[in-house]
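Here the structure is laid out as structure tokens; the discussion comes afterwards.
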Number of protein chains: 2
Amino acid sequence: MANIQQVAMQAGVSVATVSRVLNKQKSVAANTRIKVEEAIKQLNYEPSLLGRSLRTSESRILLVLIPKISNPFYLDIIQGIETSALDHGYNILLCETDSKPERENIYFDLVKKKMADGIISMDPTVNIDTLIKMAENHAIIQCSEYSNDSGIPYVTIDNEQAAYRAVKHLIMIGHQKIALVNTDEKFLYANQRKKGYISALNEYNIPIRDEYILYTRELGFENGQQAIRNILRLENQPTAVFAVSDMLAIGALKELSSNGVHVPNDMAVVGFDKIDFSNMTNPTLTTVAQPMREMGEIAATKLIAKIKGEKVESVILNHELVIRESTSG
Amino acid sequence: MANIQQVAMQAGVSVATVSRVLNKQKSVAANTRIKVEEAIKQLNYEPSLLGRSLRTSESRILLVLIPKISNPFYLDIIQGIETSALDHGYNILLCETDSKPERENIYFDLVKKKMADGIISMDPTVNIDTLIKMAENHAIIQCSEYSNDSGIPYVTIDNEQAAYRAVKHLIMIGHQKIALVNTDEKFLYANQRKKGYISALNEYNIPIRDEYILYTRELGFENGQQAIRNILRLENQPTAVFAVSDMLAIGALKELSSNGVHVPNDMAVVGFDKIDFSNMTNPTLTTVAQPMREMGEIAATKLIAKIKGEKVESVILNHELVIRESTSG
DNA sequence: TTGAAAGCGCTAACAA
DNA sequence: TTGTTAGCGCTTTCAA
């Protein structure tokens, strides 16, 4: 509970000298440094970040905005962010927005009010106008989900290309009737993945059938089940399903098995994201892996660069198609 | 980017008056207030939390320590904490310790250094000595997992009683050979749940068999699978399994089904925690529900009371046994 | 190498 | 009802 004054007094030096010791400046005589360090130990002194932040106008805290902490998709990205942030002497604050603007605003305020230095936004439902306005005066990076014309730097993968490759894989193993389980196209990734789906079909002159393109309200397990129920009701059933998220695909697997439809023999399934759980299902799930950790690390590095006033560019990283049991009997 | 000075100048009043408006004090004339509010709007002013916190020596930020954000167990508790915290004008900072002391210390430091006002610890692996030392000078509450003799207030359920009821349920539906899939007893809950298991068996004069008590290193899906593999190797196999965590129980379900063991006919299974996923399995899982949200809300309320210097007592909340398909054909 | 002093943005005690 | 002013704990410029 001591402050810098008391330490200075105890050590018989000025507060400036104590500050120099704290900040590891070299212009301090060896024995002065020792005196100060002893005083710090004796008084159990911890420098206040508030005083320091107020003075230096940087808090060294980063905000990470995610819609739901329960979404396993974000895990590795967050790990990446955290690693990189700690390396640079920053702490991260995990902010669950629950996709609610009120929540979002609380966290934006934390930055406006100087309690945090910048934001990595991973919320696809974020209010992009608010974000753009924030970005005028504050450091912001978008990670995974982004908006192209916002001028806000982002780190992401090429969703269209990834979806294209996933669907092409299905075509190459002999499928022609391929369903797409997508979500609301207001999300850029949904839009892009659909484009990839379409361009793969086009390339092989496979007609696009509207009834094979389904939309779910959310990306949950139940939504995947529901989608399969609808697919199984079709007269002319597809032989493969590409779901834009692993949770959807896993719901699909469960519903297919409940209905006695064998995967992959009767129906092949591809997911997206390579969440941990995608390897625990029966059969295991073919899916698209994004370089999560790397994405997080880069996002954090870029944010910190931005905070320091550097010019920052967007990045598009490579993905990888992980072929497992759900497409290879 | 404006500060309180500039607002005062713009409004033609003193900084004190601006501060009064900001803090909604009533001793401000209506038209003065209006002048100030206009100036705030014009300058796009946001009061700095750093200045305020430094002055009031409170940051209104709470730290929530959890080992893994991927563990669904914590979800609702966090929701509860968050709700209650926001109601009281506090923000929460989610801290993933990964059960590593270095990580823990970073977050403890944040409190020592005044960047946060208190801690809710939910990490069973937390270094209890460090925590006790911290608690001497700082506000700390333990939630769910706790240490009895630390003097640190906690919010939890009666684990022994809950386990007792789960096992008694198995006995009541006719089981005598009941296995316990436990984890390291250095965790208080593991110790207590085993006690409950034993006392239920004792009450019905069922002998305790060492070979029916298994320990897993962690609480993951694979650990549950592994445990079942061991159980299925026993000569005299049990007819029921009580796992101290849903993830273990879900792993057990999967492994049993892979081995053609029907649940609940050949083997009944009970879990613990009622995570969302426990309702998505086939069959759905009988489990013990803790009042998660409530636990979180109470923990936050108590922490805030503690921060305000009030005396705070520990609480033990009620649990509930949720009977589903895995114990009722 | 060290110290004195100003000031980051705010609140609150005291005075008017 | 409003203003003046000290000071929260720190960093940093300037001077010695």
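Here is how names work: the chains are called A, B, and so on, in the same order as the sequence lines, proteins then strands, and each is numbered from 1.
- Residue B/Leu54 has its side chain nearest to D/dG9 when only D/dT12, C/dC10, D/dG9 are considered.
- Taking 4.5 Å as the limit, every side-chain heavy atom of B/Leu317 sits out of range of all side-chain heavy atoms of B/Thr156.
- Considering only side-chain N and O atoms, B/Arg52 lies nowhere under 4.0 angstrom from the phosphate OP1 or OP2 of C/dG9.
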At under 4.0 Å between heavy atoms, which parts of nucleotides 1-7 of chain D does protein reach? Answer with one letter per nucleotide, 5' to 3': B base, S sugar-phosphate only, - none. SBBBBBB
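- Of all the heavy atoms in A/Ser27 and A/Arg20, the pair that sits closest is OG-CD, 4.0 Å.
- Contact annotation for A/Thr56: backbone-only contact, meaning every heavy-atom pair under 4.0 Å involves sugar-phosphate atoms and none involves a base.
- Salt bridge A/Glu297/A/Arg293: present, at least one basic N to carboxylate O contact under 4.0 Å.
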Take B/Glu104 and B/Asn127 through the side-chain hydrogen bond (donor to acceptor under 3.5 Å, both in side chains) test and state the conclusion after the steps. CA-CA 9 Å; B/Glu104 235 167 72; B/Asn127 183 325; 5.8 Å; no
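- Remark: P of D/dT12 and CD of A/Gln25 are 7 Å apart, rounded to the nearest angstrom.
- Between B/Lys68 and B/Asp98 there is a salt bridge, since a side-chain N of the basic residue sits under 4.0 Å from a carboxylate O of the acidic one.
- For the ring-ring contact (aromatic ring centres under 6.0 Å, His included) with A/Tyr146, the lone residue among A/Tyr189, A/Tyr154, A/Phe187 that qualifies is A/Tyr154.
- The local environment of CD in B/Glu102 is crowded, with over 12 non-hydrogen atoms from other residues, nucleotides or ligands closer than 6.0 Å.
- Ion pairing between a basic and an acidic side chain is recognised when a charged N comes within 4.0 Å of a carboxylate O; B/Glu46 and A/Lys114 show no such pairing.
- To the nearest angstrom, C1' of D/dT11 lies 11 Å from CD of A/Glu58.
- For the pair A/Gln6 CD and D/dC8 P, the interatomic distance rounds to 10 Å; values are reported in whole Å.
- OP1 or OP2 of D/dT11 has at least one side-chain nitrogen or oxygen of A/Ser19 nearer than 4.0 Å.
- Rounded to 10 degrees, the angle between the two end axes of the helix from C/dT1-D/dA16 to C/dA16-D/dT1 is 40°, with five pairs used at each end.
- Rounded to an integer number of Å, the gap from B/Lys114 NZ to C/dC8 P is 22 Å.
- Side-chain contact between A/Glu58 and A/Ser53 is absent, with no heavy atoms from C-beta onward closer than 4.5 Å.
- Rounded to whole angstrom, the span from the OH atom of B/Tyr45 across to the C1' atom of C/dG9 amounts to 7 Å.
- Atom CG of B/Leu50 and atom P of C/dT11 are 12 Å apart (whole Å).
- Rounded to whole Å, the distance from CG on B/Asn23 to C1' on C/dA12 is 10 Å.
- One atom, NZ of A/Lys24, and another, P of D/dT12, lie 15 Å apart when rounded to the nearest Å.
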